[in-house]
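Below, chains carry the letters A, B, ... as their sequence lines are ordered, and counting in each starts from 1.
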Amino acid sequence: MSTEHKSLKQIINFRLEKLADIRESGFNPYPHNYNKTHTAEEILISYETFEGKSISIAGRIVAMRKMGKASFFHIQDETGKIQMYIKRDNVGTELYNNLFKKLDLGDIVGIEGIVFKTKTEETSINVEQLTLLSKNIRPLPNLKEKDGEAFNAFDDKEHRYRNRHLDLIANPDVKLVFQTRARIITLLRNYLDNKGFVEVETPVLQSIYGGASARPFTTYHNTLDQNLFLRIADELYLKRLIIGGFDKVYEIAKNFRNEGMDKNHNPEYTSLEYYQAYADVHDVLKLTERMIRETAKAIGKLHVKFGKYEIDLSKPFEQKSMAELLKDKTKKDVFSMNREELQKLVKSYNIDVEDKMNYGQLFDKLFGEIVEPDLIQPTFVMDYPKEISPLAKEKRGEDSKIVERFELFIGGMEFANAFTELNDPIEQRKRLEEQAKLRELGDDEAQVVDENFLQAVEYGMPPTGGVGIGVDRLVMLLTEQTSIKDVLLFPAMRPEV
RNA sequence: GACCCAGUAGCUCAGUCGGUAGAGCAACGGCCUUUUAAGCCGGCGGUCGCAGGUUCGAUUCCUGCCUGGGUCACCA
C-alpha cells in the first residue's frame with residue numbers, strides 16, 4: 001500500500017478508520033455467510049407478489065443518498081440494482097449511527113426489509129435489518145447514472161481490461177457479454193452431446209506440437225528435463241481417438257500461438273474441434289452450419305450487426321470453391337500456375353511479397369488480400385490447394401492438386417476450418433515430410449513430423465470429417481463485439497511497469 | 001514492426017500561444033426523515049506517463065522510452 005499517492009491513501013485511511021470503528025461497535029465487518037431469499041431482479045419483476053412482504057437480499061452498495069436521519073441507497077447484485085430505504089427510527093439509533101453511517105460505496109451488505117414503492121413509484125425495500133458482509137477500503141470508479149446512462153463512465157479500455165473486476169461492477173453490459181459467452185459454449189456443447197459426440201480432454205503440454213501452422217510457446221519440465229510446447233491445436237490427438245474407436249469426439253480447447261495480437265487474435269484462445277468417423281467434409285459442413293444457426297437462434301441473434309456489416313445467419317450459407325472465387329477476381333486460372341507465375345500475379349496486386357515465400361504462402365497471401373475481405377455474408381470456401389493443407393484428403397475424382405476442405409468466412413474473418421481428413425498413412429507421411437522441408441527452408445510455421453501420429457494412422461484410420469471452430473470469434477459475432485478483447489475476461493496485456 | 005491518437009486528483013475530463021494547474025463526482029467536516037446524477041455550506045487532495053534536451057523558467061516546445069487504443073503490416 002506504500003506506492004499510493006496521498007489522495008488515495010487518505011481515502012483508504014478514512015475507510016480503515018471506519019472499519020476499526022465498526023469493529024469497536026461490535027459488528028463483524030467480514031462475516032462468513034449470509035442467507036438471502038431473493039434477487040433484485042425477482043423483486044423488480046414481480047413487485048405485486050412481494051409488496052408488503054419481508055425479504056432478504058445481498059449486494060454491493062453502488063449509490064448512496066444520506067439525508068440525516070433517513071437515507072436511500074442502491075445495492076447491486078448479480079441480477080441488477082434495487083433501492084433501499086433506511087430510517088433511523090426503524091432500525092434504531094445504534095445500527096443507524098454506528099454501522100450505516102460508517103458505510104461507503106462499494107461495501108457489500110445483506111438487507112432484511114419490506115418491499116414497497118416510494119412516492120415516485122420506485123420499487124424499494126424498507127430496511128429492518130442491515131448486515132455488513134464486506135467492508136470496502138478502496139474507492140470504486142464513479143458509478144453515477146441516470147436513466148441507465150452512465151455519467152463519467154468507466155470506459156478507459158486499458159483500465160477496464162487490467163481491472164476487469166471494476167469493469168464488471170461499473171459496466172453491467174460487460175457482464176451480459178460474458179453470460180452470453182457461457183450460454184453459447186453450453187449450446188455448442190449440448191448440440192454435439194445430443195448428436196452423440198463424446199467430449200474429451202487432450203494434452204496442453206506436448207513434446208511435439210502439430211495440427212496447425214503456427215509458432216508455439218515453449219516451456220520446460222524439470223523432472224523430465226525436457227522442453228515442452230503448449231499446444232497450437234488438438235487435431236492430431238483427436239484423430240488418435242478416432243483411430244482408437246471413438247466415432248464422434250470433440251474438445252473445447254485452449255490453444256496457444258506465439259504470434260502477434262490484434263482485435264482478432266489473442267495468444268491464448270478457445271477452439272472447438274470435432275471429428276466424426278465415416279463422415280466427409282460435406283457431412284461436417286452441414287453439421288457446422290446447423291450448429292451455428294441453432295446457437296444463434298437460441299440466443300436470438302440470427303441477424304447480427306457486426307462492425308459495419310449486417311450479417312444474416314438465417315439463410316443457407318453460401319458455398320464457393322476457392323478457384324471460382326479467385327477466378328472472379330483475377331480472371332485467371334490460379335490453380336494451374338506454378339510458383340513463379342503465382343508470385344508475378346501477387347506482385348501485380350501491389351501486395352508485399354518476399355522472394356523466399358513458397359507456393360503455399362503466396363497462395364494464402366493472395367487469397368487473404370483479394371478475396372477474404374469481401375466474404376461478408378457466411379460463406380464456405382471449398383476446395384483448397386494441397387500445398388497449404390497437409391492434413392486434408394485429396395478431392396475425389398479430381399486431379400491431385402486439390403483437397404476436400406472448407407473454411408467458413410463471416411464478416412471477412414475466418415470462423416472455421418475443416419477437412420475430409422487424410423487417412424492414407426503413406427500419403428500423410430509424404431505430406432508432413434514436405435512440410436519438414438519447408439521448415440528447413442526457413443518457414444518456421446510449417447508443420448513438424450509427428451512420428452507417433454503417423455504410426456497411429458498406419459494402424460488404420462476410418463474415413464473422417466473434422467472441423468475446428470474459433471469459439472472466441474463466434475462469441476464476438478453473436479455478441480456483436482468487434483474486438484476479441486471484449487469477449488475475453490482477461491485479454492493478454494503487457495505487464496504494468 | 002510502421003504510422004496516427006491518448007496518458008493531468010481515487011474516477012471522468014478541461015486547461016496552460018512556455019511563468020510549476022482547474023471542474024464535476026468520490027472522499028472529509030457540518031445541515032438535512034421519500035431521495036434518485038439528492039441538495040446546501042466549508043475545507044482537503046497533483047512527481048501534469050517516464051527520462052533527457054532547449055530555456056532565466058517546461059505540465060506546455062524538442063528527442064527518446066513506456067503503456068493503451070486505432071489503421072496497416074505480420075500472423076490464422
Inset, instruction - Give A:Phe151 one of three labels, base, sugar-phosphate or nothing, depending on what nucleic acid heavy atoms sit under 4.0 Å from its own. - result: base

What pairs of nitrogen or oxygen atoms, one from the protein and one from nucleotides 44-48 of chain B, lie under 3.5 Å apart?
from: B:rG45; atom 1: O2'; to: A:Ser7; atom 2: OG; distance (Å): 3.2
from: B:rU47; atom 1: OP1; to: A:His5; atom 2: ND1; distance (Å): 2.8

Inset, instruction - Could you check how far CZ of A:Arg494 sits from P of B:rC65, rounded to whole Å? - result: 13 Å

Inset, instruction - Determine the interatomic distance between C1' on B:rC75 and the same-named atom on B:rG22; round to the nearest Å. - result: 46 Å

Legend entry - A:Lys135/A:Asp104 salt bridge by N-O under 4.0 Å criterion: yes

Inset, instruction - Write down the distance separating the C1' atoms in B:rG24 and B:rA14, rounded off to the nearest Å. - result: 11 Å

Inset, instruction - Name the nucleic acid region contacted by A:Lys117, choosing base, sugar-phosphate or nothing; use a 4.0 angstrom heavy-atom cut-off, strictly under. - result: nothing

Inset, instruction - Could you please spell out the steps behind the salt bridge (charged side-chain N to carboxylate O under 4.0 Å, His left out) verdict for A:Lys263 and A:Asp486? - result: CA-CA 9 Å; A:Lys263 64 183 187 338; A:Asp486 291 319; over 6 Å; no

Inset, instruction - Would you mind telling me which of B:rA76, B:rA26, B:rU35 lies closest to the side-chain atoms of A:Arg15? - result: B:rA26

Inset, instruction - Please determine, for B:rU60, whether a Watson-Crick or G-U wobble partner exists with both distances under 3.5 Å, and give it or none. - result: none

Legend entry - Most 5' of A:Asp364 and A:Lys485 on RNA chain B, judged by nearest nucleotide: A:Lys485

Inset, instruction - Assign A:Phe367 to base, sugar-phosphate, or nothing according to its heavy-atom contacts below 4.0 angstrom with the strands shown. - result: nothing

Inset, instruction - Tell me what A:Met413 touches on the nucleic acid: a base, only sugar-phosphate, or nothing, going by heavy atoms under 4.0 Å. - result: nothing

Legend entry - Phosphate OP1/OP2 of B:rU35: any A:Lys119 side-chain N/O under 4.0 Å: yes

Inset, instruction - Report the base-pairing partner of B:rG7 (Watson-Crick or G-U wobble, both distances below 3.5 angstrom), or none. - result: B:rC66

Legend entry - Phosphate-side-chain proximity, A:Arg162 and B:rG68, N/O vs OP1/OP2 below 4.0 Å: yes

Inset, instruction - Determine the interatomic distance between C1' on B:rA23 and the same-named atom on B:rG18; round to the nearest Å. - result: 24 Å

Inset, instruction - Show the numbers, then the answer: is there a side-chain hydrogen bond (donor to acceptor under 3.5 Å, both in side chains) between A:Glu251 and A:Thr202? - result: CA-CA 8 Å; A:Glu251 179 172 17; A:Thr202 68; 2.6 Å; yes

Legend entry - Separation between the C1' atoms of B:rG49 and B:rC31, rounded to whole Å: 42 Å

Inset, instruction - Whole angstrom is fine here: how far is it from NE2 in A:His265 over to P in B:rC72? - result: 13 Å

Inset, instruction - Look through every strand shown and name the nucleotide pairing with B:rC44 as Watson-Crick or G-U wobble, where both distances are under 3.5 Å. - result: none

Inset, instruction - Name the pairing partner of B:rU71, where a pair is Watson-Crick or G-U wobble with both distances under 3.5 Å, or state none. - result: B:rA2

Inset, instruction - Identify whether any heavy atom of A:Glu372 sits under 4.0 Å from a base atom; if not, whether one sits that close to sugar-phosphate; answer base, sugar-phosphate or nothing. - result: base

Inset, instruction - Quickly work out the A:Asp21 CG to B:rC28 C1' distance and round it to whole Å. - result: 14 Å

Legend entry - RNA chain B-proximal residues of residues 64-77 of chain A, any heavy atom under 4.0 Å: A:Arg65, A:Lys66, A:Met67, A:Gly68, A:Lys69, A:Ala70, A:Phe72, A:His74

Inset, instruction - Identify whether any heavy atom of A:Arg215 sits under 4.0 Å from a base atom; if not, whether one sits that close to sugar-phosphate; answer base, sugar-phosphate or nothing. - result: nothing

Inset, instruction - Describe the nucleic acid contact of A:Asn264 in one word from base, sugar-phosphate, nothing, applying a heavy-atom distance below 4.0 Å. - result: nothing

Inset, instruction - Report which part of the nucleic acid A:Asp155 touches: base, sugar-phosphate, or nothing (heavy-atom distance under 4.0 Å, all strands). - result: sugar-phosphate

Inset, instruction - Return the nucleotide paired to B:rU16: Watson-Crick means purine N1 to pyrimidine N3 with N6-O4 or O6-N4, wobble means G-U with N1-O2 and O6-N3, both under 3.5 Å. - result: none

Legend entry - Side-chain touch A:Leu192/A:Leu287, heavy atoms, less than 4.5 angstrom: yes

Inset, instruction - Report which part of the nucleic acid A:Lys18 touches: base, sugar-phosphate, or nothing (heavy-atom distance under 4.0 Å, all strands). - result: sugar-phosphate

Legend entry - Between B:rC66 (C1') and A:Glu158 (CD): distance, integer Å: 10 Å

Legend entry - A:Thr123 versus A:Lys117, closest heavy-atom pair with distance: OG1-CE, 3.3 Å

Inset, instruction - Would you mind telling me which of B:rC11, B:rU71, B:rA76 lies closest to the side-chain atoms of A:Lys263? - result: B:rU71

Legend entry - Gap in Å between the two C1' atoms, one belonging to B:rU35 and one to B:rG46, rounded: 34 Å

Inset, instruction - Would you indicate which nucleotide in B:rG10, B:rA27, B:rA37 comes nearest to any side-chain atom of A:Lys144? - result: B:rA37

Legend entry - The single option from A:Leu478, A:Leu477, A:Thr479 passing side chain to side chain contact (heavy atoms under 4.5 Å, CB included) against A:Phe306: A:Leu477

Inset, instruction - Measure from CG on A:Asn97 to P on B:rG30 and round the result to the nearest Å. - result: 12 Å

Legend entry - Position toward the 5' end of RNA chain B (nearest nucleotide), A:Phe154 or A:Glu445: A:Phe154

Legend entry - Pairing of A:Arg215 and A:Glu259 as salt bridge, 4.0 angstrom limit: no

Inset, instruction - Can you label the angle between the A:His38 ring and the A:Phe50 ring as parallel, tilted or perpendicular, going by 30° and 60°? - result: perpendicular

Legend entry - Whole-angstrom distance between B:rC11 and B:rG52, as gauged at atom P: 25 Å

Legend entry - A:Lys9 NZ to B:rA27 C1', straight-line distance once rounded to whole Å: 16 Å

Inset, instruction - Would you kindly check whether a donor in the side chain of A:Gln83 faces an acceptor in the base of B:rU35, or vice versa, at under 3.5 angstrom? - result: yes

Inset, instruction - Please work out if A:Glu145 contacts a base, only the sugar-phosphate, or nothing of the nucleic acid, heavy-atom cut-off 4.0 Å. - result: sugar-phosphate

Legend entry - Whole-Å C1' distance, B:rC44 and B:rG30: 15 Å

Inset, instruction - Would you indicate what A:Ala153 reaches in the nucleic acid, counting non-hydrogen atoms under 4.0 angstrom: base, sugar-phosphate, or nothing? - result: sugar-phosphate

Inset, instruction - In plain terms, say whether A:Lys175 and A:Asp167 are close enough for a salt bridge, that is, a side-chain N and a carboxylate O under 4.0 Å apart. - result: no

Legend entry - Value in whole Å for how far the C1' atom of B:rU12 lies from CG of A:Leu105: 15 Å

Legend entry - Lys/Arg-Asp/Glu bridge criterion (N-O < 4.0 Å) met for A:Asp155, A:Arg160: no

Inset, instruction - Report the distance from atom CD1 of A:Ile169 to atom C1' of B:rG10, rounded to the nearest whole Å. - result: 14 Å

Legend entry - A:Arg15 and A:Asn136: side chain donor to acceptor below 3.5 Å: yes

Inset, instruction - Name the orientation class of the two ring planes belonging to A:Phe73 and A:Phe100 (parallel below 30°, tilted from 30 to 60°, perpendicular beyond 60°). - result: tilted

Legend entry - A:Glu407/A:Arg405 ion pair, N-O < 4.0 Å: yes

Legend entry - B:rA73 to B:rA2 separation - C1' atoms, rounded to the nearest Å: 8 Å

